[in-house]
Protein chains: 2
Amino acid sequence: MTEVSVPSDQAKNAVAPDARQHTEHGRERKQQLLDAAAELFADRGYAATRIADICQSAGVAKGLFYWYFPTKSALFAELVRTMRLRLRRTQAQAMDPLTDAVTRISQGAAASVQFMAENAAYFALLDVERSDPTIADVLKEGASVYLEDVCRLVEEGQRAGLIPDDKSDLLAVGVLGAVSSFSNSYRNGRLGTDLTVDELAAFVQRWVRNALA
Amino acid sequence: MTEVSVPSDQAKNAVAPDARQHTEHGRERKQQLLDAAAELFADRGYAATRIADICQSAGVAKGLFYWYFPTKSALFAELVRTMRLRLRRTQAQAMDPLTDAVTRISQGAAASVQFMAENAAYFALLDVERSDPTIADVLKEGASVYLEDVCRLVEEGQRAGLIPDDKSDLLAVGVLGAVSSFSNSYRNGRLGTDLTVDELAAFVQRWVRNALA
DNA sequence: AGCGTTCTTGACCGACGGGTCAAGATCGGG
DNA sequence: CCCGATCTTGACCCGTCGGTCAAGAACGCT
């Protein structure tokens with residue numbers, strides 16, 4: 001049993017931010033930082049958003065950031081992971097398990113577009129340049145999971161004779177590509193101001209169904 | 001007629017890099033810098049590529065960069081514009097003017113995918129984060145031109161009864177989205193190593209045709 | 001009140017990278 | 001050879017921003 005004796009002064013910040021048990025107030029404060037960051041990243045991008053900006057927006061001093069997060073990219077990673085979980089839940093809820101593969105794929109695609117249109121902040125996170133290895137890894141993590149899901153559904157549809165016998169991985173890329181390009185254009189205001197999210201989601205369903213026919 | 005008298009020492013670098021008449025040797029040197037930059041941007045991204053890296057790769061001293069380019073983003077803008085022209089030429093050549101709109105759209109899409117697969121450097125330029133206004137403007141410039149072209153073709157196809165009466169701008173976004181998502185996945189090695197560019201282009205043609213059916 | 005813990009502040013540090021510029025090399029023409 | 005123009009060098013400058021940390025405030029428990 002080895003007990004490490006650390007002088008009291010030096011032990012003050014020896015616990016990594018990730019390993020801390022925050023109080024309720026601390027958790028609220030942390031969330032404020034995350035919310036501020038999400039909004040600023042969406043507005044200006046990751047690189048152009050400074051930690052000072054985030055703290056100013058959250059109404060705290062810059063040094064406080066490091067009580068809650070070890071680095072800027074660690075905050076980013078946490079943001080992405082949280083949003084990704086929410087997206088996955090949205091997708092799963094939209095897919096009716098009692099229906100056929102094509103319908104499920106297109107339901108999932110429509111739900112994704114809907115989620116992304118309603119959560120522009122999340123979508124903007126995916127536009128970040130991947131020069132930082134931490135960031136590149138985090139962004140890569142989730143992308144392949146949805147791709148594999150869709151790929152599996154495509155293969156199921158092919159076995160049922162609902163989808164042509166083309167390469168399932170390419171078809172899956174096509175579905176994911178549709179989701180991201182429509183969401184991106186909606187977010188950038190390229191689709192006109194009279195288009196509702198529901199109309200867009202319905203269109204994406206048709207697009208995906210047609211492409212898989 | 002006002003002639004400005006400038007001391008000879010101060011006039012030495014008074015001409016902006018853009019306004020210079022370079023010698024043949026100078027033009028070659030400039031191209032070396034552009035080539036080196038294109039490769040490094042593709043490999044590591046814009047932000048992570050320093051001017052020092054570009055100069056080292058081109059085998060020149062860092063200060064020389066500013067004889068040829070006023071800023072880093074000016075070099076980037078020139079790169080993007082050059083590549084965009086080449087892409088447009090490739091697209092135009094691939095579209096048979098004697099055939100129907102759907103065929104032309106899908107031919108253009110296939111040619112774009114082919115070009116991008118064979119010019120990874122160009123495609124990587126489009127992944128750059130848009131925090132620098134100069135960069136954001138340059139990237140925005142060209143994107144809408146192709147979109148308008150495709151939109152016009154879609155409308156032509158709709159008048160001819162070849163394409164359903166859905167929103168043409170959305171259908172055009174779908175085509176462009178397909179081009180970029182397939183190119184991106186190919187570039188990232190997500191499509192397996194046995195897929196050739198020709199096979200990919202052929203697949204994209206089928207995908208676009210189906211989606212517009 | 002005292003104490004330990006959590007939280008908060010903001011001046012400071014140092015690495016980084018875009019950009020500067022004086023000095024000098026090279027080239028081409030007369 | 002001389003001269004003017006083009007090109008080239010690399011030490012230096014300076015602003016930027018992520019991260020540090022000593023000092024102190026606030027909180028909760030005994």
Side-chain angles (χ1 to χ4, degrees), chain A residues 6-33 37 40-41 44-77 131-135, chain B residues 6-33 37 40-41 44-77 131-135:
Chain A
V6 186
S8 151
D9 275 1
Q10 286 178 29
K12 187 174 290 187
N13 287 321
V15 183
D18 292 347
R20 284 198 176 104
Q21 301 292 337
H22 295 298
T23 63
E24 183 57 40
H25 174 68
R27 280 194 291 276
E28 284 167 10
R29 180 65 85 196
K30 186 178 176 180
Q31 190 60 46
Q32 277 171 3
L33 287 169
L40 288 167
F41 289 157
R44 331 170 167 181
Y46 175 78
T49 301
R50 304 167 307 154
I51 289 176
D53 300 326
I54 295 167
C55 295
Q56 185 179 36
S57 178
V60 300
K62 179 157 156 303
L64 185 68
F65 185 92
Y66 297 93
W67 181 256
Y68 293 101
F69 303 98
T71 59
K72 186 183 175 185
S73 55
L75 174 146
F76 178 81
S131 42
D132 184 326
T134 306
I135 293 178
Chain B
V6 184
S8 150
D9 276 0
Q10 288 178 30
K12 186 176 289 186
N13 287 321
V15 184
D18 293 344
R20 285 198 175 100
Q21 301 293 340
H22 295 296
T23 62
E24 183 56 41
H25 175 68
R27 280 192 291 275
E28 284 167 11
R29 179 64 87 195
K30 186 178 177 181
Q31 190 59 45
Q32 279 173 1
L33 287 168
L40 288 167
F41 289 156
R44 335 171 166 176
Y46 175 78
T49 302
R50 304 168 306 158
I51 288 176
D53 299 326
I54 295 168
C55 294
Q56 184 178 38
S57 178
V60 301
K62 177 155 160 298
L64 185 69
F65 185 91
Y66 297 93
W67 179 257
Y68 293 102
F69 303 98
T71 60
K72 183 182 176 184
S73 55
L75 176 146
F76 177 81
S131 43
D132 185 327
T134 306
I135 291 178

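Each chain gets a letter, A, B and so on, in the order its sequence line appears, and its residues count up from 1.
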Round to a whole Å and report the spacing from CZ of A:Phe76 to P of D:dG18.
14 Å
Give a yes or no answer on whether the side chain of B:Thr23 reaches the backbone of B:Gly26 with a donor-acceptor pair at less than 3.5 Å.
yes
Determine: side-chain N/O of B:Trp67 to OP1/OP2 of D:dT8, distance under 4.0 Å, yes or no.
no
Within this structure, what is the NZ-to-P distance between B:Lys72 and C:dG17, rounded to whole angstrom?
9 Å
Distance check needed: C:dC7 P versus A:Leu33 CG, whole Å only.
12 Å
Just how far is it from atom CG of B:Leu64 to atom CZ of B:Arg29, taken to the nearest 0.5 Å?
6.5 Å
Can you check whether A:Ile54 reaches A:Phe41 side chain to side chain, under 4.5 Å on heavy atoms?
yes
What does the list of N/O pairs under 3.5 Å between the protein and nucleotides 9-12 of chain C look like, with a distance for each?
| unit_1 | atom_1 | unit_2 | atom_2 | d |
| --- | --- | --- | --- | --- |
| C:dT9 | OP2 | A:Ala61 | N | 2.5 |
| C:dG10 | N7 | A:Gly63 | N | 3.4 |
| C:dG10 | O6 | A:Gly63 | N | 3.4 |

Establish, with yes or no, whether the OP1 or OP2 oxygen of C:dC7 is under 4.0 angstrom from a side-chain nitrogen or oxygen of A:Arg29.
no
When you compare the side chain of B:Leu33 with that of B:Lys30, does any pair of heavy atoms fall below 4.5 Å?
no
Enclosure of A:Glu24 CD (heavy-atom neighbours >12, cutoff 6.0 Å):
yes
With the threshold set at under 4.0 Å for non-hydrogen atoms, list the residues of residues 21-28 of chain B touching DNA chain D in residue-number order.
B:His22, B:Thr23, B:His25, B:Gly26
Where the side chain of B:Tyr66 is defined as all heavy atoms beyond and including C-beta, which of D:dT8, C:dT20, D:dT20 is the nearest nucleotide?
C:dT20
Working to the nearest 0.5 Å, report the span between NZ of A:Lys72 and CZ of A:Arg50.
9.5 Å
Let me know the distance between OH of B:Tyr46 and P of C:dG17, rounded to the nearest Å.
13 Å
Just by distance, do the side chain of B:Arg20 and the backbone of B:Trp67 share a donor-acceptor pair under 3.5 Å?
yes
Gap between atoms NZ and P, on B:Lys30 and D:dT6 respectively (whole Å)
15 Å
B:Asp53 CG - C:dG17 C1' separation (whole Å):
10 Å
Rounded distance [0.5 Å steps], CD in A:Gln56 versus CD1 in A:Ile51:
14.0 Å
Any donor-acceptor pair under 3.5 Å linking the side chain of A:Thr49 with the backbone of A:Gly45?
yes
Could you check whether A:Tyr68 gets within reach of a base, just the sugar-phosphate, or nothing at all, counting any heavy atom under 4.0 Å?
sugar-phosphate
